[in-house]
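To start, the structure under review is shown below, and the notes come after it.
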Amino acid sequence: MNATVKPPVRREAMRIAGKLVSTEDMVEVKNPYDDSVVGLIPAARPEHVRDAFAKAKAFKPVLSRYERQRILQKTAELLFARKEEFARLITAEAGLCWKDSLYEASRAYDVWSFAAQLTIKDDGEMFSCDISPNGKARKIFTTRQPLLGVISAITPFNHPLNMVSHKLAPAIATNNRLVLKPTELTPLTALALADVLYEAGLPPEMLSVVTGNPSTMGDAMITDPDADLVTFTGSVRVGKHIANTAGYKRIVLELGGNDPLIVMEDADLDKAAELAVTGATKNSGQRCTAVKRILVVESVADAFAKLVVEKAKKLTCGDPMDPATDVGTVINARSAALFQARVDDAVAKGAKVLHGKRAEGALFHPTVVDHIPYDCELVHEETFGPVIPIVRVPDDIAKVIAISNSTAYGLSSGICTNRFDYIQRFVAELEVGTVNLWEVPGYRIEMSPFGGIKDSGLGYKEGVVEAMKSFTNVKTWSLPWA
Ligand code: NAD
């Protein structure tokens, strides 16, 4: 398939319990690279959301484990067969480069395939009670049941296929019903995925997709009386709004990050520089776990910065549809302008730009900035773009850890050192959900537990295994048994 051929403009409808539902008001979906319209989606009103939840609640899922496994595996296979079609859609609506979009499609295959395999693994436990003088000759068993109500799922733009897959696959694996609201910025991929699921045999009442602007229908997704659980991935601002609005409901919040890559004096600097550049620029730097601060100790910072610049210069940034491009656009020109303003602010406070160009529309070139004060907005807030920000820190592990912990975030981290005493301290003292030795903070497999602490996340972790747990109620039952 030729990646340079643009898909035709898609005039979309919502999928409500399998029915196509349109509205007069439509929202434009634009290609961030050339600002062309790639699709139109319905602007749902609260009554559409209500209707979707009511229809979902009225349906009782009866799929056996085997049937769920077949649907999930078939979805994985269809995604694999159509990975280029999905990659084109992702690139068209998100501006992510072709390489990143293809990678995303392959990750989504893993999510669906792992969920299929985990569906047939039994999830019950057994507790013998004759283990204490207080116990009896009985056994207690656990079984996991789907939620009594419906899952409300709200997803961000940065992984249009994979973030949606991480909500849908574990929910279907556990026989739950969902209403999904993908972001208005990249909804086309989510709608295409819903069609794949219906084609794979999912009863359409188990999944509805509603679209539109959160200002008009966002709260309906959070407060619907039939929504038992709200699972949200996105910004801290919206996550906290959900926490304040949802009331007596289970909530799963996977929020922003400000992940450090820490480079100590004993590190192999070439390897560390490679991780820094890759981690900061893949997916246009728009991963919750992208490298958003490189904390390098003073004694090796000059040599390290030189290697980072050499590697950053090798990246091509430009037309996302060009298969040779390494870094596509960020999500829109407004975001690129914000990152540029933060770089300028850091420079005004003493930082130096070692490589990069000024933002052009939604194109933000990989930009190496050195000597950034650690409390500058560029690195203290989440800068969701391909800045490669170097913060020089004292040769003192206690101070490195204190600086690393000084932001409100606590998602993941990457560590470049071979010293075991350092490793032990980082694992014990970094206030994060993940510590990856000699890897980028974003490294994981799709079923390992994933999620942050502090402002980066509240509640359950994600990853297929944990998400399946979060989407179920544990029931215990017991009987006499010696
Ligand atoms: P966002 O918070 O702006 O939007 C996320 C979703 O929330 C969208 O669907 C949006 O329409 C919806 N939304 C916005 N306002 C709402 C409201 N008032 N009520 C209900 N829904 C509302 O986030 P974004 O810009 O799309 O995504 C980027 C953010 O997501 C970054 O902060 C990134 O770090 C984070 N993220 C986190 C993870 C994780 O697993 N921790 C993964 C990916 C992205």
**OP:** Would you check if there is a donor-acceptor pair between the side chains of Ser165 and Trp112 at a distance under 3.5 Å?
**Re:** yes

Original post:
Is the side chain of Asp35 donor-acceptor paired with the backbone N or O of Lys30 at a distance under 3.5 Å, no angle test?
Top reply: no

**OP:** For Glu67 and Ser64, indicate whether the former's side chain and the latter's backbone hold a donor-acceptor pair under 3.5 Å.
**Re:** yes

**OP:** Using a strict 4.0 Å threshold on nitrogen-to-oxygen distance, state whether Lys99 and Asp326 make a salt bridge.
**Re:** yes

Subject >> Lys282, NZ: over 12 other non-hydrogen atoms inside 6.0 angstrom >> reply: no

Original post:
So, Glu104 side chain and Asn162 main chain: donor-acceptor pair closer than 3.5 Å or not?
Top reply: yes

**OP:** Can you sort out the partners of Pro156 under side chain to side chain contact (heavy atoms under 4.5 Å, CB included), two or more places apart, ordered by chain and number?
**Re:** Asn158, Met163, Thr233

Subject >> Thr189, Thr183, Leu193 screened by side chain to side chain contact (heavy atoms under 4.5 Å, CB included) with Val164, the one that passes >> reply: Leu193

Original post:
Salt bridge check: are Arg287 and Asp100 linked by an N-O gap of less than 4.0 Å?
Top reply: no

**OP:** Answer with yes or no whether the side chains of Thr119 and Arg68 bring together a donor and an acceptor at under 3.5 Å.
**Re:** no

**OP:** Please step through salt bridge (charged side-chain N to carboxylate O under 4.0 Å, His left out) for the pair Glu199 and Lys74, ending with a clear verdict.
**Re:** CA-CA 9 Å; Glu199 185 181 336; Lys74 179 90 191 284; 5.5 Å; no

Original post:
Within a radius of less than 6.0 Å around OH of Tyr443, do more than 12 heavy atoms belonging to other residues, nucleotides or ligands occur?
Top reply: no

**OP:** Only pairs at least two apart or in different chains count here, so list each salt bridge (Lys or Arg N to Asp or Glu O under 4.0 Å) that has a residue in residues 472-482.
**Re:** none

**OP:** Verify, without hydrogens or angle tests, whether Ser456 (side chain) and Gly256 (backbone) share a donor-acceptor contact under 3.5 angstrom.
**Re:** yes

**OP:** Return the orientation label for the Trp477 and Phe141 ring planes: parallel under 30°, perpendicular over 60°, tilted otherwise.
**Re:** parallel

Original post:
Between the main-chain N or O of Gly451 and the side-chain N or O of Lys461, is there a donor-acceptor pair closer than 3.5 Å?
Top reply: yes

Original post:
For Arg11, does the CZ atom have more than 12 heavy-atom neighbours from other residues, nucleotides or ligands under 6.0 Å away?
Top reply: no

Subject >> Exercise: do Asn213 and Ser215 side chains pair donor with acceptor under 3.5 Å >> reply: no

Original post:
So, do Leu338 and Phe384 sit near enough that their side-chain heavy atoms are less than 4.5 Å apart?
Top reply: no

**OP:** Keeping the roles fixed (side chain from Lys83, backbone from Ser106), state whether a donor-acceptor pair exists under 3.5 Å.
**Re:** no

**OP:** To the nearest 0.5 Å, tell me how far Leu168 CG sits from Leu180 CG.
**Re:** 5.5 Å

Original post:
Stepwise, does the side chain to side chain contact (heavy atoms under 4.5 Å, CB included) test hold for Leu430 with Asn405?
Top reply: CA-CA 6 Å; Leu430 288 180; Asn405 289 342; 4.0 Å; yes

Original post:
With distance as the sole criterion, is a donor-acceptor pair present between the side chains of Thr472 and Thr174 under 3.5 Å?
Top reply: no

**OP:** Say whether, by atom type as modelled, one donor and one acceptor occur between the side chain of Thr23 and the main chain of Ala43 under 3.5 angstrom.
**Re:** yes

**OP:** Spell out, as yes or no, whether a donor-acceptor pair under 3.5 Å connects the side chain of Lys240 to the backbone of Asp455.
**Re:** no

Original post:
Is Ser101 close to Arg88 at the side-chain level, that is, under 4.5 Å between some pair of heavy atoms?
Top reply: no

Original post:
Is the closest side-chain donor-acceptor distance between Ser335 and Asn332 under 3.5 Å?
Top reply: yes

**OP:** Nearest 0.5 Å please: distance from the CG atom of Leu255 over to the NZ atom of Lys454.
**Re:** 13.5 Å

Subject >> Residues Asp130 and Ser128: side-chain donor-acceptor under 3.5 angstrom >> reply: no

Original post:
Is the backbone N or O of Ala324 less than 3.5 Å from a side-chain atom of Thr316, with the two atoms forming a donor-acceptor pair by type?
Top reply: yes

Original post:
Is the side chain of Asn473 donor-acceptor paired with the backbone N or O of Gln145 at a distance under 3.5 Å, no angle test?
Top reply: no

Subject >> Test item: Asp224 and Arg50 side chains (from C-beta on) under 4.5 Å apart, heavy atoms >> reply: yes

